[in-house]
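In each ligand, atom 1 is the first atom listed, and ligand 1 is the first ligand listed. Here the structure is a predicted model, which is why all the values come from computation and not from measurement. In what follows, residues are counted from 1 in the order of the sequence shown.
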Amino acid sequence: MLEVSAALTQGQITPTELCQKRLSLIKKTKFLNAYITVSEEEAFKQAEESERRSKNEQSLGDFDGIPTAVKDNFSTSGIETACASNMLKGYIPPSNATVVQKLLDQGALLMGKTNLDEFAMGSRSTDGVYSKQYREKRKQNPHSKNEDLDWLMTGGSLGGTAVAMSAFTCYVALGSATGGSTRNPAAHCRLVGFKPSYGLVSHHGLIPLVNLMDVPGILTRCVDDAAVVLSVLAGHDTNDCTTVQDPINPFIWFGRCEQTITVFLVQIEGAKVIEVSIPHTSYSIVCYHVLCMSEVALNIARLDGLQYGHRCDIDVSTQSMYASTRQEVFNDVVRGRILSGNFFLLKENWENYFIKAQKVQRLIANDFANAFNSGVDVLLTPTILSEAVPYLEFIKGDNRTQTVNMAGLPAVSIPAARPNQGLPVGLQLTGHAFCDQQLLTVAKWFEKQVQFPVIQLQELMDDFSSMITHSTKLASNTLKKPKKF
Ligand code: GLN
(Lines give C-alpha, C1' and ligand atoms only; values in the text may rest on other atoms or scores of the structure.)
Protein backbone atom coordinates (compact mmCIF):
# COMPACT_ATOMS: atom_id res chain seq x y z
CA MET A 1 0.00 0.00 0.00
CA LEU A 2 2.80 2.39 0.92
CA GLU A 3 4.53 1.69 -2.40
CA VAL A 4 1.36 2.38 -4.32
CA SER A 5 0.88 5.53 -2.28
CA ALA A 6 4.40 6.65 -3.24
CA ALA A 7 3.67 5.90 -6.91
CA LEU A 8 0.54 8.06 -6.68
CA THR A 9 2.48 10.87 -5.03
CA GLN A 10 5.19 10.73 -7.69
CA GLY A 11 2.58 10.80 -10.42
CA GLN A 12 3.51 7.36 -11.86
CA ILE A 13 -0.18 6.64 -11.91
CA THR A 14 -3.22 8.82 -11.19
CA PRO A 15 -5.96 7.88 -8.71
CA THR A 16 -8.53 7.58 -11.51
CA GLU A 17 -6.27 5.32 -13.59
CA LEU A 18 -5.59 3.17 -10.56
CA CYS A 19 -9.28 3.01 -9.70
CA GLN A 20 -10.15 2.12 -13.29
CA LYS A 21 -7.60 -0.70 -13.33
CA ARG A 22 -8.85 -2.13 -10.06
CA LEU A 23 -12.47 -1.96 -11.23
CA SER A 24 -11.66 -3.78 -14.43
CA LEU A 25 -9.77 -6.41 -12.45
CA ILE A 26 -12.75 -6.82 -10.13
CA LYS A 27 -14.88 -7.52 -13.21
CA LYS A 28 -12.39 -9.99 -14.67
CA THR A 29 -12.10 -11.87 -11.39
CA LYS A 30 -15.83 -11.91 -10.68
CA PHE A 31 -15.76 -15.71 -10.73
CA LEU A 32 -13.75 -15.58 -7.48
CA ASN A 33 -16.88 -14.31 -5.77
CA ALA A 34 -14.86 -11.91 -3.63
CA TYR A 35 -17.24 -8.95 -3.74
CA ILE A 36 -20.90 -8.87 -2.83
CA THR A 37 -21.29 -5.24 -3.88
CA VAL A 38 -18.92 -3.29 -6.08
CA SER A 39 -19.27 0.41 -5.33
CA GLU A 40 -18.04 1.47 -8.74
CA GLU A 41 -19.70 4.87 -8.85
CA GLU A 42 -18.61 5.87 -5.36
CA ALA A 43 -15.05 4.63 -5.89
CA PHE A 44 -14.73 6.57 -9.12
CA LYS A 45 -16.09 9.72 -7.54
CA GLN A 46 -13.65 9.34 -4.65
CA ALA A 47 -10.81 8.81 -7.15
CA GLU A 48 -11.72 12.01 -8.97
CA GLU A 49 -11.71 13.92 -5.69
CA SER A 50 -8.35 12.41 -4.83
CA GLU A 51 -7.01 13.44 -8.23
CA ARG A 52 -8.22 16.99 -7.69
CA ARG A 53 -6.48 17.13 -4.31
CA SER A 54 -3.30 15.76 -5.80
CA LYS A 55 -3.31 18.39 -8.58
CA ASN A 56 -3.79 21.12 -5.98
CA GLU A 57 -1.04 19.60 -3.82
CA GLN A 58 -3.54 18.99 -1.04
CA SER A 59 -3.04 15.25 -0.68
CA LEU A 60 -4.43 13.83 2.54
CA GLY A 61 -1.50 11.46 3.00
CA ASP A 62 -0.75 7.76 2.64
CA PHE A 63 -4.33 6.66 2.01
CA ASP A 64 -5.24 9.28 -0.55
CA GLY A 65 -6.32 7.41 -3.69
CA ILE A 66 -5.72 3.93 -2.25
CA PRO A 67 -8.28 1.29 -3.28
CA THR A 68 -9.69 -0.45 -0.21
CA ALA A 69 -12.33 -3.08 0.41
CA VAL A 70 -14.53 -3.65 3.41
CA LYS A 71 -16.18 -6.84 4.63
CA ASP A 72 -19.93 -6.70 4.17
CA ASN A 73 -20.67 -6.56 7.89
CA PHE A 74 -19.41 -2.96 8.25
CA SER A 75 -22.05 -0.30 7.73
CA THR A 76 -21.42 1.81 4.66
CA SER A 77 -23.53 4.87 4.06
CA GLY A 78 -25.67 4.50 0.94
CA ILE A 79 -24.14 1.10 0.08
CA GLU A 80 -25.94 -2.16 0.80
CA THR A 81 -24.72 -3.96 3.91
CA ALA A 82 -26.25 -7.40 4.11
CA CYS A 83 -23.75 -9.60 6.01
CA ALA A 84 -24.20 -12.22 3.27
CA SER A 85 -27.71 -12.83 4.60
CA ASN A 86 -31.10 -12.68 2.96
CA MET A 87 -32.32 -11.21 6.24
CA LEU A 88 -30.59 -7.91 5.50
CA LYS A 89 -30.79 -8.00 1.72
CA GLY A 90 -31.41 -4.48 0.50
CA TYR A 91 -30.46 -2.83 3.78
CA ILE A 92 -28.76 0.51 3.15
CA PRO A 93 -27.17 1.94 6.30
CA PRO A 94 -27.62 5.66 6.98
CA SER A 95 -23.99 6.14 8.04
CA ASN A 96 -20.53 4.65 7.87
CA ALA A 97 -18.93 2.51 10.53
CA THR A 98 -16.34 4.60 12.37
CA VAL A 99 -13.40 2.72 10.84
CA VAL A 100 -14.79 3.07 7.32
CA GLN A 101 -15.33 6.78 7.85
CA LYS A 102 -11.78 7.16 9.15
CA LEU A 103 -10.33 5.59 6.01
CA LEU A 104 -12.56 7.67 3.75
CA ASP A 105 -11.55 10.81 5.63
CA GLN A 106 -7.98 9.96 4.69
CA GLY A 107 -8.91 9.82 1.00
CA ALA A 108 -9.21 6.04 0.56
CA LEU A 109 -11.36 4.69 -2.30
CA LEU A 110 -14.03 2.20 -1.33
CA MET A 111 -14.09 -0.43 -4.09
CA GLY A 112 -16.82 -2.50 -2.53
CA LYS A 113 -18.15 -4.85 0.10
CA THR A 114 -16.66 -8.29 0.32
CA ASN A 115 -18.08 -11.77 0.79
CA LEU A 116 -18.25 -13.62 4.10
CA ASP A 117 -20.02 -16.34 5.99
CA GLU A 118 -23.54 -15.31 6.95
CA PHE A 119 -23.21 -12.74 9.78
CA ALA A 120 -19.51 -13.71 9.97
CA MET A 121 -20.40 -17.08 11.48
CA GLY A 122 -18.04 -19.63 10.03
CA SER A 123 -14.46 -20.36 9.20
CA ARG A 124 -14.66 -21.42 5.53
CA SER A 125 -16.43 -18.52 3.82
CA THR A 126 -18.79 -20.94 2.15
CA ASP A 127 -21.63 -20.32 4.59
CA GLY A 128 -23.00 -17.07 3.23
CA VAL A 129 -25.93 -16.65 0.92
CA TYR A 130 -23.59 -15.63 -1.93
CA SER A 131 -21.71 -18.91 -1.71
CA LYS A 132 -24.84 -21.00 -2.07
CA GLN A 133 -24.08 -22.08 -5.60
CA TYR A 134 -20.76 -23.50 -4.48
CA ARG A 135 -22.26 -25.33 -1.49
CA GLU A 136 -25.03 -26.82 -3.60
CA LYS A 137 -22.51 -28.24 -6.08
CA ARG A 138 -20.64 -29.85 -3.22
CA LYS A 139 -23.78 -31.35 -1.77
CA GLN A 140 -24.84 -32.77 -5.10
CA ASN A 141 -21.47 -34.25 -5.81
CA PRO A 142 -19.40 -34.42 -2.62
CA HIS A 143 -16.76 -36.88 -3.79
CA SER A 144 -16.51 -35.88 -7.40
CA LYS A 145 -13.01 -36.03 -8.79
CA ASN A 146 -13.56 -33.08 -11.05
CA GLU A 147 -11.71 -29.80 -11.04
CA ASP A 148 -13.70 -28.53 -8.06
CA LEU A 149 -11.58 -30.67 -5.77
CA ASP A 150 -8.51 -28.67 -6.72
CA TRP A 151 -10.02 -25.59 -5.17
CA LEU A 152 -9.05 -24.76 -1.67
CA MET A 153 -10.77 -23.06 1.23
CA THR A 154 -9.57 -19.57 2.05
CA GLY A 155 -10.67 -19.91 5.65
CA GLY A 156 -13.17 -17.50 7.08
CA SER A 157 -15.21 -15.68 7.78
CA LEU A 158 -13.59 -12.97 5.70
CA GLY A 159 -12.61 -15.18 2.76
CA GLY A 160 -14.01 -12.71 0.23
CA THR A 161 -11.88 -9.93 1.67
CA ALA A 162 -8.77 -12.11 1.59
CA VAL A 163 -9.48 -13.04 -2.03
CA ALA A 164 -10.05 -9.38 -2.94
CA MET A 165 -6.61 -8.61 -1.50
CA SER A 166 -4.92 -11.66 -3.03
CA ALA A 167 -6.32 -10.81 -6.45
CA PHE A 168 -4.90 -7.26 -6.11
CA THR A 169 -8.27 -5.60 -6.46
CA CYS A 170 -7.44 -3.49 -3.39
CA TYR A 171 -4.37 -2.77 -1.23
CA VAL A 172 -5.95 -2.52 2.21
CA ALA A 173 -9.01 -4.26 3.56
CA LEU A 174 -11.04 -4.27 6.74
CA GLY A 175 -12.68 -7.29 8.25
CA SER A 176 -14.15 -8.20 11.59
CA ALA A 177 -12.15 -10.30 14.03
CA THR A 178 -14.26 -12.09 16.61
CA GLY A 179 -12.64 -15.48 16.82
CA GLY A 180 -10.02 -15.54 14.09
CA SER A 181 -11.80 -14.34 10.99
CA THR A 182 -8.97 -12.04 9.94
CA ARG A 183 -5.97 -14.17 10.89
CA ASN A 184 -7.21 -17.50 9.47
CA PRO A 185 -7.83 -16.34 5.90
CA ALA A 186 -4.68 -14.21 6.05
CA ALA A 187 -2.68 -17.32 6.91
CA HIS A 188 -4.15 -19.25 3.97
CA CYS A 189 -3.78 -16.42 1.48
CA ARG A 190 -0.24 -15.16 2.33
CA LEU A 191 -1.50 -11.91 3.83
CA VAL A 192 -0.86 -10.08 7.05
CA GLY A 193 -3.97 -10.37 9.23
CA PHE A 194 -3.99 -8.17 12.29
CA LYS A 195 -6.43 -8.15 15.18
CA PRO A 196 -5.81 -5.10 17.40
CA SER A 197 -6.29 -5.06 21.17
CA TYR A 198 -9.95 -5.00 22.15
CA GLY A 199 -10.81 -1.37 22.89
CA LEU A 200 -8.12 0.21 20.75
CA VAL A 201 -10.29 0.48 17.61
CA SER A 202 -13.98 1.34 17.51
CA HIS A 203 -16.44 -1.32 16.44
CA HIS A 204 -19.26 1.17 16.05
CA GLY A 205 -21.09 0.35 12.83
CA LEU A 206 -19.77 -3.19 12.69
CA ILE A 207 -22.85 -5.42 12.73
CA PRO A 208 -22.19 -7.40 15.90
CA LEU A 209 -21.43 -11.06 16.24
CA VAL A 210 -20.04 -11.16 19.80
CA ASN A 211 -19.90 -7.63 21.20
CA LEU A 212 -17.40 -8.59 23.86
CA MET A 213 -14.91 -9.89 21.29
CA ASP A 214 -15.64 -8.06 18.02
CA VAL A 215 -12.72 -5.96 16.82
CA PRO A 216 -12.18 -4.52 13.36
CA GLY A 217 -9.40 -6.56 11.73
CA ILE A 218 -6.83 -5.25 9.26
CA LEU A 219 -5.74 -7.15 6.16
CA THR A 220 -2.64 -6.01 4.29
CA ARG A 221 0.28 -7.44 2.35
CA CYS A 222 2.99 -6.40 4.81
CA VAL A 223 3.38 -5.41 8.45
CA ASP A 224 4.23 -1.76 7.72
CA ASP A 225 0.90 -1.33 5.95
CA ALA A 226 -1.00 -2.90 8.85
CA ALA A 227 0.72 -0.53 11.27
CA VAL A 228 -0.07 2.51 9.17
CA VAL A 229 -3.72 1.48 8.94
CA LEU A 230 -3.85 0.97 12.70
CA SER A 231 -2.37 4.40 13.33
CA VAL A 232 -5.36 5.86 11.46
CA LEU A 233 -8.01 3.65 13.04
CA ALA A 234 -6.88 3.54 16.68
CA GLY A 235 -8.44 5.86 19.21
CA HIS A 236 -11.42 6.59 21.38
CA ASP A 237 -14.83 6.86 19.73
CA THR A 238 -17.69 8.56 21.52
CA ASN A 239 -20.02 6.14 19.72
CA ASP A 240 -18.28 3.10 21.21
CA CYS A 241 -17.95 3.10 24.98
CA THR A 242 -15.66 0.05 24.83
CA THR A 243 -12.89 2.07 23.21
CA VAL A 244 -10.31 3.18 25.72
CA GLN A 245 -10.24 6.86 26.62
CA ASP A 246 -6.58 6.97 27.25
CA PRO A 247 -4.73 4.01 25.79
CA ILE A 248 -1.91 2.73 27.97
CA ASN A 249 0.34 3.17 24.96
CA PRO A 250 -1.14 5.43 22.31
CA PHE A 251 -0.41 3.91 18.94
CA ILE A 252 2.38 5.54 16.98
CA TRP A 253 4.11 3.61 14.22
CA PHE A 254 7.79 4.29 13.79
CA GLY A 255 8.06 1.62 11.11
CA ARG A 256 9.31 3.93 8.44
CA CYS A 257 11.72 5.76 10.66
CA GLU A 258 14.75 3.54 9.97
CA GLN A 259 16.69 4.67 13.02
CA THR A 260 13.95 3.84 15.47
CA ILE A 261 13.14 0.53 13.86
CA THR A 262 16.81 -0.42 13.95
CA VAL A 263 16.90 0.20 17.70
CA PHE A 264 13.84 -2.01 18.17
CA LEU A 265 15.23 -4.71 15.94
CA VAL A 266 18.56 -4.80 17.77
CA GLN A 267 16.60 -5.34 20.98
CA ILE A 268 14.72 -8.22 19.37
CA GLU A 269 17.93 -9.82 18.09
CA GLY A 270 18.89 -10.38 21.72
CA ALA A 271 15.58 -12.06 22.47
CA LYS A 272 15.35 -15.41 24.17
CA VAL A 273 12.86 -18.08 23.18
CA ILE A 274 11.18 -20.04 25.96
CA GLU A 275 8.23 -22.40 26.07
CA VAL A 276 5.20 -21.37 28.08
CA SER A 277 1.93 -23.05 28.90
CA ILE A 278 -1.55 -21.65 28.34
CA PRO A 279 -3.22 -24.57 30.13
CA HIS A 280 -6.88 -23.68 29.60
CA THR A 281 -6.57 -23.50 25.81
CA SER A 282 -8.22 -26.88 25.42
CA TYR A 283 -11.48 -25.51 26.87
CA SER A 284 -11.32 -22.46 24.74
CA ILE A 285 -13.27 -23.49 21.65
CA VAL A 286 -16.22 -24.78 23.71
CA CYS A 287 -16.17 -21.71 25.89
CA TYR A 288 -16.00 -19.46 22.83
CA HIS A 289 -19.06 -21.09 21.34
CA VAL A 290 -21.16 -20.79 24.51
CA LEU A 291 -20.35 -17.08 24.74
CA CYS A 292 -20.69 -16.56 21.01
CA MET A 293 -24.03 -18.33 20.68
CA SER A 294 -25.46 -16.52 23.69
CA GLU A 295 -24.54 -13.16 22.21
CA VAL A 296 -25.74 -14.21 18.78
CA ALA A 297 -29.15 -15.06 20.23
CA LEU A 298 -29.36 -11.58 21.75
CA ASN A 299 -27.92 -9.70 18.79
CA ILE A 300 -30.02 -11.43 16.17
CA ALA A 301 -33.19 -11.05 18.28
CA ARG A 302 -33.76 -7.65 16.70
CA LEU A 303 -33.79 -9.20 13.23
CA ASP A 304 -37.27 -10.61 13.59
CA GLY A 305 -38.97 -9.36 10.43
CA LEU A 306 -40.96 -6.85 12.49
CA GLN A 307 -38.43 -4.29 13.64
CA TYR A 308 -35.77 -5.01 11.07
CA GLY A 309 -35.04 -7.26 8.17
CA HIS A 310 -36.89 -9.43 5.72
CA ARG A 311 -40.46 -10.50 6.55
CA CYS A 312 -42.12 -13.58 5.09
CA ASP A 313 -45.72 -13.63 3.76
CA ILE A 314 -47.17 -15.76 6.58
CA ASP A 315 -49.45 -13.64 8.75
CA VAL A 316 -51.59 -16.13 10.71
CA SER A 317 -49.85 -15.21 13.96
CA THR A 318 -46.83 -13.25 15.11
CA GLN A 319 -45.18 -16.46 16.28
CA SER A 320 -45.54 -18.21 12.96
CA MET A 321 -44.40 -15.08 11.14
CA TYR A 322 -41.21 -15.02 13.27
CA ALA A 323 -40.60 -18.72 12.76
CA SER A 324 -41.21 -18.74 9.02
CA THR A 325 -39.21 -15.58 8.45
CA ARG A 326 -36.21 -17.02 10.21
CA GLN A 327 -36.59 -20.40 8.54
CA GLU A 328 -36.72 -18.65 5.20
CA VAL A 329 -33.66 -16.44 5.54
CA PHE A 330 -31.11 -17.86 7.95
CA ASN A 331 -28.79 -20.75 7.16
CA ASP A 332 -28.39 -23.76 9.47
CA VAL A 333 -25.36 -22.27 11.22
CA VAL A 334 -27.17 -19.07 12.18
CA ARG A 335 -30.36 -20.87 13.22
CA GLY A 336 -28.33 -23.39 15.22
CA ARG A 337 -26.52 -20.61 17.07
CA ILE A 338 -29.75 -18.75 17.86
CA LEU A 339 -31.29 -21.95 19.18
CA SER A 340 -28.28 -22.93 21.29
CA GLY A 341 -27.79 -19.38 22.51
CA ASN A 342 -31.35 -19.17 23.76
CA PHE A 343 -30.91 -22.52 25.46
CA PHE A 344 -27.76 -21.32 27.25
CA LEU A 345 -29.55 -18.18 28.37
CA LEU A 346 -32.59 -19.93 29.86
CA LYS A 347 -33.02 -19.11 33.55
CA GLU A 348 -32.30 -22.70 34.55
CA ASN A 349 -29.20 -22.98 32.31
CA TRP A 350 -27.63 -19.57 32.62
CA GLU A 351 -25.38 -20.44 35.59
CA ASN A 352 -24.30 -23.76 34.11
CA TYR A 353 -23.38 -22.45 30.70
CA PHE A 354 -23.01 -18.71 30.27
CA ILE A 355 -21.59 -17.91 33.70
CA LYS A 356 -19.33 -20.97 33.61
CA ALA A 357 -18.04 -19.97 30.18
CA GLN A 358 -17.30 -16.48 31.47
CA LYS A 359 -15.31 -18.02 34.32
CA VAL A 360 -13.31 -20.13 31.86
CA GLN A 361 -12.79 -17.01 29.77
CA ARG A 362 -11.26 -15.37 32.83
CA LEU A 363 -8.97 -18.39 33.38
CA ILE A 364 -7.79 -18.15 29.77
CA ALA A 365 -7.12 -14.43 30.14
CA ASN A 366 -5.19 -15.22 33.36
CA ASP A 367 -3.12 -17.85 31.51
CA PHE A 368 -1.96 -15.17 29.10
CA ALA A 369 -1.35 -12.73 31.95
CA ASN A 370 0.79 -15.34 33.75
CA ALA A 371 2.81 -16.04 30.62
CA PHE A 372 3.38 -12.35 30.07
CA ASN A 373 4.22 -11.78 33.73
CA SER A 374 6.94 -14.41 33.47
CA GLY A 375 8.88 -12.01 31.28
CA VAL A 376 7.48 -12.96 27.88
CA ASP A 377 6.83 -10.08 25.47
CA VAL A 378 5.32 -11.91 22.54
CA LEU A 379 3.88 -15.40 22.09
CA LEU A 380 4.52 -17.34 18.90
CA THR A 381 2.14 -20.04 17.69
CA PRO A 382 0.91 -21.32 14.34
CA THR A 383 -2.13 -19.41 13.11
CA ILE A 384 -3.75 -22.41 11.45
CA LEU A 385 -3.42 -26.17 11.71
CA SER A 386 -2.67 -26.77 8.05
CA GLU A 387 -2.29 -24.98 4.77
CA ALA A 388 -5.44 -24.40 2.70
CA VAL A 389 -7.32 -27.63 2.02
CA PRO A 390 -10.24 -28.63 -0.20
CA TYR A 391 -13.77 -28.29 1.11
CA LEU A 392 -14.14 -31.90 2.17
CA GLU A 393 -10.93 -31.93 4.18
CA PHE A 394 -11.64 -28.72 6.00
CA ILE A 395 -11.72 -28.84 9.78
CA LYS A 396 -12.74 -25.82 11.82
CA GLY A 397 -9.97 -23.33 11.39
CA ASP A 398 -10.05 -21.14 14.46
CA ASN A 399 -8.67 -23.46 17.11
CA ARG A 400 -5.48 -21.46 17.38
CA THR A 401 -6.95 -17.99 17.18
CA GLN A 402 -10.04 -17.52 19.33
CA THR A 403 -8.28 -17.78 22.72
CA VAL A 404 -6.68 -14.44 21.95
CA ASN A 405 -10.07 -12.84 21.30
CA MET A 406 -11.33 -14.12 24.61
CA ALA A 407 -8.44 -12.39 26.35
CA GLY A 408 -8.84 -9.19 24.30
CA LEU A 409 -5.18 -9.25 23.23
CA PRO A 410 -3.63 -8.05 19.98
CA ALA A 411 -2.45 -10.74 17.55
CA VAL A 412 -1.12 -10.82 14.04
CA SER A 413 -0.69 -13.55 11.47
CA ILE A 414 2.21 -13.11 9.09
CA PRO A 415 2.93 -15.27 6.05
CA ALA A 416 5.45 -18.06 6.34
CA ALA A 417 6.17 -21.03 4.12
CA ARG A 418 6.78 -24.62 5.06
CA PRO A 419 9.75 -26.24 3.37
CA ASN A 420 8.78 -28.24 0.26
CA GLN A 421 5.15 -27.24 0.49
CA GLY A 422 3.43 -25.20 -2.14
CA LEU A 423 1.13 -23.19 0.06
CA PRO A 424 1.63 -20.48 2.64
CA VAL A 425 0.85 -20.90 6.31
CA GLY A 426 0.74 -18.25 8.98
CA LEU A 427 2.79 -17.53 12.07
CA GLN A 428 0.74 -15.98 14.83
CA LEU A 429 2.26 -13.50 17.24
CA THR A 430 0.30 -12.41 20.31
CA GLY A 431 1.18 -9.42 22.43
CA HIS A 432 0.30 -7.75 25.72
CA ALA A 433 -2.95 -5.78 25.71
CA PHE A 434 -2.40 -2.37 24.14
CA CYS A 435 1.20 -3.19 23.23
CA ASP A 436 0.18 -3.39 19.58
CA GLN A 437 3.17 -1.34 18.59
CA GLN A 438 5.64 -3.72 20.18
CA LEU A 439 3.80 -6.66 18.62
CA LEU A 440 3.96 -5.21 15.12
CA THR A 441 7.63 -4.40 15.57
CA VAL A 442 8.37 -8.04 16.33
CA ALA A 443 6.15 -9.04 13.40
CA LYS A 444 8.17 -6.78 11.15
CA TRP A 445 11.35 -8.43 12.35
CA PHE A 446 9.89 -11.86 11.53
CA GLU A 447 8.75 -10.63 8.17
CA LYS A 448 12.31 -9.57 7.40
CA GLN A 449 13.69 -12.96 8.48
CA VAL A 450 11.12 -15.03 6.63
CA GLN A 451 11.58 -13.01 3.43
CA PHE A 452 8.41 -14.30 1.95
CA PRO A 453 8.44 -13.61 -1.83
CA VAL A 454 7.45 -9.99 -2.37
CA ILE A 455 5.37 -8.77 -5.29
CA GLN A 456 7.09 -5.93 -7.11
CA LEU A 457 5.51 -2.53 -7.45
CA GLN A 458 5.03 -2.81 -11.21
CA GLU A 459 3.12 -6.02 -10.71
CA LEU A 460 0.97 -4.29 -8.11
CA MET A 461 -0.04 -1.77 -10.73
CA ASP A 462 -0.59 -4.24 -13.52
CA ASP A 463 -3.60 -6.25 -14.32
CA PHE A 464 -3.21 -9.49 -12.43
CA SER A 465 -6.04 -11.32 -14.07
CA SER A 466 -3.75 -13.18 -16.45
CA MET A 467 -2.21 -14.93 -13.45
CA ILE A 468 -5.54 -16.24 -12.29
CA THR A 469 -6.92 -19.11 -14.31
CA HIS A 470 -10.46 -18.37 -15.26
CA SER A 471 -13.04 -20.99 -14.45
CA THR A 472 -16.72 -20.40 -14.92
CA LYS A 473 -17.43 -23.58 -13.03
CA LEU A 474 -16.56 -22.12 -9.66
CA ALA A 475 -18.32 -19.57 -7.62
CA SER A 476 -16.89 -19.26 -4.18
CA ASN A 477 -14.17 -17.72 -2.13
CA THR A 478 -11.57 -20.23 -3.03
CA LEU A 479 -8.00 -20.25 -4.13
CA LYS A 480 -6.69 -22.15 -7.08
CA LYS A 481 -4.01 -24.58 -5.97
CA PRO A 482 -0.76 -22.98 -7.11
CA LYS A 483 2.32 -24.61 -8.53
CA LYS A 484 4.95 -25.23 -5.86
CA PHE A 485 7.25 -22.30 -5.35
N1 GLN B 1 -15.21 -18.95 13.17
C2 GLN B 1 -15.60 -18.11 14.24
C3 GLN B 1 -17.10 -18.10 14.37
O4 GLN B 1 -17.76 -18.60 13.48
C5 GLN B 1 -15.03 -16.75 14.07
C6 GLN B 1 -15.85 -15.78 13.38
C7 GLN B 1 -15.27 -14.41 13.32
O8 GLN B 1 -14.16 -14.14 13.79
N9 GLN B 1 -16.05 -13.52 12.77
O10 GLN B 1 -17.64 -17.62 15.33
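Residue A120 places at least one N or O, backbone or side chain, under 3.5 Å from an N or O of ligand 1. Ligand 1 has a nitrogen or oxygen under 3.5 angstrom from a nitrogen or oxygen of S181. Inclusion of A177 in the set of residues having an N or O under 3.5 Å from an N or O of ligand 1 is not warranted. For ligand 1, the polar-atom distance check finds no N/O of K71 at less than 3.5 Å from any of the ligand's N/O atoms.
The ligand atoms of ligand 1 that sit less than 4.0 angstrom from a heavy atom of G179 are 5 (C), 7 (C), 8 (O). Close approach of ligand 1 to S157 is summarised as follows: ligand atoms under 4.0 Å from at least one heavy atom of the residue are 9 (N). Remark: ligand 1 atoms within the under-4.0 Å shell around heavy atoms of G180 are 8 (O). In the vicinity of M121, heavy-atom distances shorter than 4.0 Å reach the ligand 1 atoms 4 (O).
Using a 30° and 60° split on the angle between ring planes, W350 and F354 fall in the parallel class, below 30°.
Between the CD atom in Q402 and the OG atom in S181 there is a gap of 11.0 Å [rounded to 0.5 Å].
A donor-acceptor pair shorter than 3.5 Å can be found between the side chains of T161 and T114. For the residue pair D436 / S197, a side-chain donor-acceptor distance below 3.5 Å is found, with atom types taken as modelled.
Contacts of T182 with ligand 1, taken as heavy-atom pairs under 4.0 Å, are absent altogether. In H289, neither the side chain nor the backbone holds a heavy atom less than 4.0 Å from any atom of ligand 1.
In this structure R362 satisfies the side-chain hydrogen bond (donor to acceptor under 3.5 Å, both in side chains) test with no other residue, sequence neighbours excluded.
Between K27 and E40 a salt bridge is recorded (basic side-chain N to carboxylate O distance below 4.0 Å).
Not a single heavy atom of M293 sits closer than 4.0 Å to an atom of ligand 1.
Sorted by first then second residue, the salt bridge (charged side-chain N to carboxylate O under 4.0 Å, His left out) pairs that include residues 339-353, not counting sequence neighbours, number zero.
The 12-atom threshold is not exceeded at OH of Y283, counting heavy atoms of other residues, nucleotides or ligands nearer than 6.0 Å.
Heavy-atom proximity to atom 4 (O) of ligand 1, evaluated over R124, R337, E118, is greatest for R337.
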